[in-house]
Number of protein chains: 2
Amino acid sequence: MLNGTELKLFADAHVLDEMTDKQVRILLAAIEVFAEKGYANASTKEIANKADVAEGNIFSKYKNKRGLLNAIINPVIHSIFPAVLSDFNDASPIQSNYVTLHSFVDTVLRDRVQFLKENSAVLKIFVSELLYNNDVRVKLMQQFPTSYWKNINHNLNVLKENHLMVDWENTEILKLMWSVVSGMIVGYLLFNQPLESKEINHCIDALVKALSR
Amino acid sequence: MLNGTELKLFADAHVLDEMTDKQVRILLAAIEVFAEKGYANASTKEIANKADVAEGNIFSKYKNKRGLLNAIINPVIHSIFPAVLSDFNDASPIQSNYVTLHSFVDTVLRDRVQFLKENSAVLKIFVSELLYNNDVRVKLMQQFPTSYWKNINHNLNVLKENHLMVDWENTEILKLMWSVVSGMIVGYLLFNQPLESKEINHCIDALVKALSR
DNA sequence: CAATTGTTTGAGTATTTACTCACTCAATTA
DNA sequence: TAATTGAGTGAGTAAATACTCAAACAATTG
């Protein structure tokens with residue numbers, strides 16, 4: 001049930017460092033149960049059972065049930081915005097000044113579709129929390145500009161200056177791109193619609209046309 | 001807190017017929033509390049308090065807490081897909097054969113943005129349920145083709161035949177439109193971003209360009 | 001081995017919560 | 001007025017659940 005690559009997110013965030021076997025199992029079981037029934041309907045007892053661990057062990061690592069949830073959500077907040085955009089900076093083979101609209105859209109879209117597909121369980125937990133937890137929303141908003149804003153801002157501005165792109169606010173452009181990615185992922189995850197490369201290509205073409213000047 | 005027009009959805013679905021004052025108050029209070037803290041974290045006691053009603057009264061109208069939830073969600077399932085599309089059928093002043101891509105996108109987008117804005121509380125409850133309740137997803141999928149599929153299918157086919165639109169599957173086209181609407185609504189409802197007509201116009205233009213041939 | 005440190009256990013507890021049911025009250029009808 | 005009906009009440013109950021804590025256990029160190 002749980003996507004195998006899902007652990008990578010936590011390994012990268014060094015969440016697993018100095019964790020015992022049982023503690024890692026608790027984390028994985030929590031992801032699985034939270035994603036299946038939702039945080040509020042998931043009992044710590046069920047998580048402990050699935051992890052093959054005593055219930056009390058959960059609370060020796062985490063202050064409470066919410067602490068366990070935060071351990072799952074925090075890495076998502078810090079990686080939901082694409083790090084791949086650094087590929088467009090000066091050190092990269094693709095020079096930012098010469099980036100085309102198509103290569104920009106193509107890179108970002110594929111990268112995020114891949115990321116969301118690979119982390120679907122934690123994503124579901126995250127989205128659910130986003131709906132009702134204002135703290136998570138605020139944290140996400142704070143993460144947005146610090147993570148990649150300068151870089152992406154620069155790229156968009158260059159494209160606009162070269163008249164290769166519509167003259168919208170950058171936030172509008174990014175929101176449209178996020179919408180398209182989200183739409184595909186929702187269809188895939190919730191409605192079992194296949195995520196074929198044909199559709200991804202269609203969406204990339206659509207976005208390029210939509211954002212072209 | 002609760003959008004005043006929200007009741008219209010239930011009046012239209014004749015949910016309120018033969019309901020007493022107190023029962024209507026229960027429904028409204030439930031919408032408010034469910035939307036604020038989520039179904040699982042909402043206690044029937046709090047709903048009863050907010051409705052200024054004895055707790056037991058909830059269970060004389062509804063079999064259980066989930067029955068109350070269903071009474072809220074069902075009307076959404078039956079109205080989430082745009083009824084406005086009947087404006088495009090033969091009886092309408094806008095003849096379906098002469099509809100332009102722009103008028104199509106414009107009408108559908110504005111109508112759904114309006115609908116979602118006006119029903120934001122129930123929408124939130126509905127989306128949350130969509131995440132974890134497969135029954136609701138199935139019901140929604142069943143509703144999709146029966147409600148307006150023929151009509152919209154015809155319109156899209158005509159546009160495609162006249163080479164006014166890309167030759168994608170109709171489901172792809174509609175998914176893209178839904179994605180754009182959803183993105184705007186999410187920004188508006190969760191992140192307090194204003195929903196200015198400038199942005200709506202941008203999105204309409206973007207979609208028209210994206211879907212043009 | 002002895003001592004120490006940190007991990008794991010799981011029975012026990014306090015609290016919350018959905019739901020019941022015997023009853024009251026108000027309105028309508030005979 | 002008396003009888004009937006159905007909405008409304010709210011104290012009470014059984015079950016679920018997050019969290020505690022004292023004890024057991026394992027691993028490492030002196």
Side-chain angles (χ1 to χ4, degrees), chain A residues 10 14-74 125 128-129 132-133 135-136, chain B residues 7 10-11 14-74 125 128-129 132-133 135-136:
Chain A
F10 299 92
H14 300 284
V15 172
L16 307 182
D17 299 356
E18 293 176 6
M19 261 197 188
T20 65
D21 254 23
K22 298 200 173 186
Q23 284 162 353
V24 173
R25 258 150 52 201
I26 288 172
L27 191 73
L28 284 173
I31 293 172
E32 216 169 326
V33 180
F34 286 163
E36 191 193 326
K37 5 184 86 172
Y39 171 74
N41 284 317
S43 74
T44 50
K45 185 169 188 181
E46 186 179 354
I47 293 170
N49 284 346
K50 180 153 270 177
D52 200 20
V53 146
E55 199 180 349
N57 198 2
I58 294 175
F59 299 96
S60 50
K61 171 77 188 172
Y62 306 100
K63 193 184 159 206
N64 48 30
K65 194 184 165 191
R66 180 148 290 274
L68 175 56
L69 179 71
N70 288 336
I72 294 172
I73 282 181
N74 281 332
I125 300 166
S128 173
E129 223 30 42
Y132 292 106
N133 189 332
D135 285 354
V136 173
Chain B
L7 254 182
F10 298 92
H14 300 284
V15 172
L16 307 182
D17 298 357
E18 293 176 7
M19 262 199 189
T20 64
D21 255 23
K22 298 200 174 186
Q23 284 163 354
V24 173
R25 256 149 55 201
I26 287 172
L27 192 73
L28 284 173
I31 293 172
E32 216 169 324
V33 180
F34 286 164
E36 190 193 327
K37 6 183 86 173
Y39 171 73
N41 284 318
S43 74
T44 49
K45 185 167 190 183
E46 185 179 354
I47 293 170
N49 284 345
K50 179 154 271 176
D52 200 19
V53 146
E55 199 180 351
N57 200 3
I58 294 175
F59 298 97
S60 51
K61 171 79 188 169
Y62 305 100
K63 192 185 159 204
N64 48 29
K65 192 184 166 192
R66 178 148 292 273
L68 176 54
L69 180 70
N70 288 336
I72 295 171
I73 282 182
N74 281 331
I125 299 166
S128 175
E129 224 30 41
Y132 292 106
N133 189 332
D135 285 354
V136 174

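Only a predicted model underlies this, so the values are computations on that prediction, with no experimental measurement involved.
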Validation row: [X], [Y] side chains within 4.5 angstrom (heavy atoms):
X: B:Asn133; Y: B:Ile73; answer: no
X: B:Phe34; Y: B:Lys65; answer: yes
X: B:Leu69; Y: B:Arg66; answer: yes

How far does [atom1] of [X] sit from [atom2] of [Y], to the nearest 0.5 angstrom?
X: A:Asn70; Y: A:Asn64; atom1: CG; atom2: CG; result: 8.5 Å
X: A:Ile72; Y: A:Ile125; atom1: CD1; atom2: CD1; result: 5.0 Å
X: B:Leu7; Y: B:Leu28; atom1: CG; atom2: CG; result: 4.5 Å

Next on the checklist: So if I take residues 44-61 of chain B and measure heavy-atom distances to DNA chain C, which residues fall below 4.0 Å?
Outcome noted: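 Those residues are B:Thr44, B:Glu55, B:Phe59.
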Checklist entry - What residues in residues 17-30 of chain B put a non-hydrogen atom under 4.0 Å from any atom of DNA chain C? => result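 Nucleic-acid contacts, sorted: none.
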Next on the checklist: According to salt bridge (charged side-chain N to carboxylate O under 4.0 Å, His left out), who are the partners of A:Glu55, at least two apart in sequence or on a separate chain?
Outcome noted: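 For A:Glu55 there are no salt bridge (charged side-chain N to carboxylate O under 4.0 Å, His left out) partners, ignoring immediate neighbours.
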Next on the checklist: Test of understanding: with salt bridge (charged side-chain N to carboxylate O under 4.0 Å, His left out), list the residues that count as partners of A:Lys61, not counting sequence neighbours.
Outcome noted: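 If we apply the salt bridge (charged side-chain N to carboxylate O under 4.0 Å, His left out) test to A:Lys61, skipping adjacent residues, there are no hits.
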Next on the checklist: Please identify the 5'-most and 3'-most nucleotides of DNA chain C with any atom under 4.0 angstrom from a heavy atom of chain B.
Outcome noted: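 Span of nucleotides near chain B: C:dA18 to C:dT20.
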Next on the checklist: Need one value for B:Ala40: base, sugar-phosphate or nothing, where a base atom within 4.0 Å counts as base even if backbone is also close, heavy atoms only.
Outcome noted: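 Touches nothing.
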Checklist entry - Atom CG of A:Leu68 to atom C1' of D:dT17: distance rounded to whole Å? => result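 One finds 15 Å between C1' of D:dT17 and CG of A:Leu68, rounded.
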Item to check | Gap between atoms NZ and C1', on A:Lys65 and D:dA18 respectively (whole Å) | outcome: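 Atom NZ in A:Lys65 sits about 8 Å away from atom C1' in D:dA18.
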Checklist entry - Which residue pairs pass the ring-ring contact (aromatic ring centres under 6.0 Å, His included) test when at least one of the two sits in residues 44-64 of chain B, sequence neighbours left out? => result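 Every candidate ring-ring contact (aromatic ring centres under 6.0 Å, His included) pair involving residues 44-64 of chain B fails, so no pair, neighbours aside, qualifies.
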Next on the checklist: Using a 3.5 Å distance criterion without hydrogens, assess whether the side chain of A:Gln23 forms a donor-acceptor pair with backbone atoms of A:Thr20.
Outcome noted: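 Indeed, once roles are kept as given, a pair shorter than 3.5 Å links the two residues.
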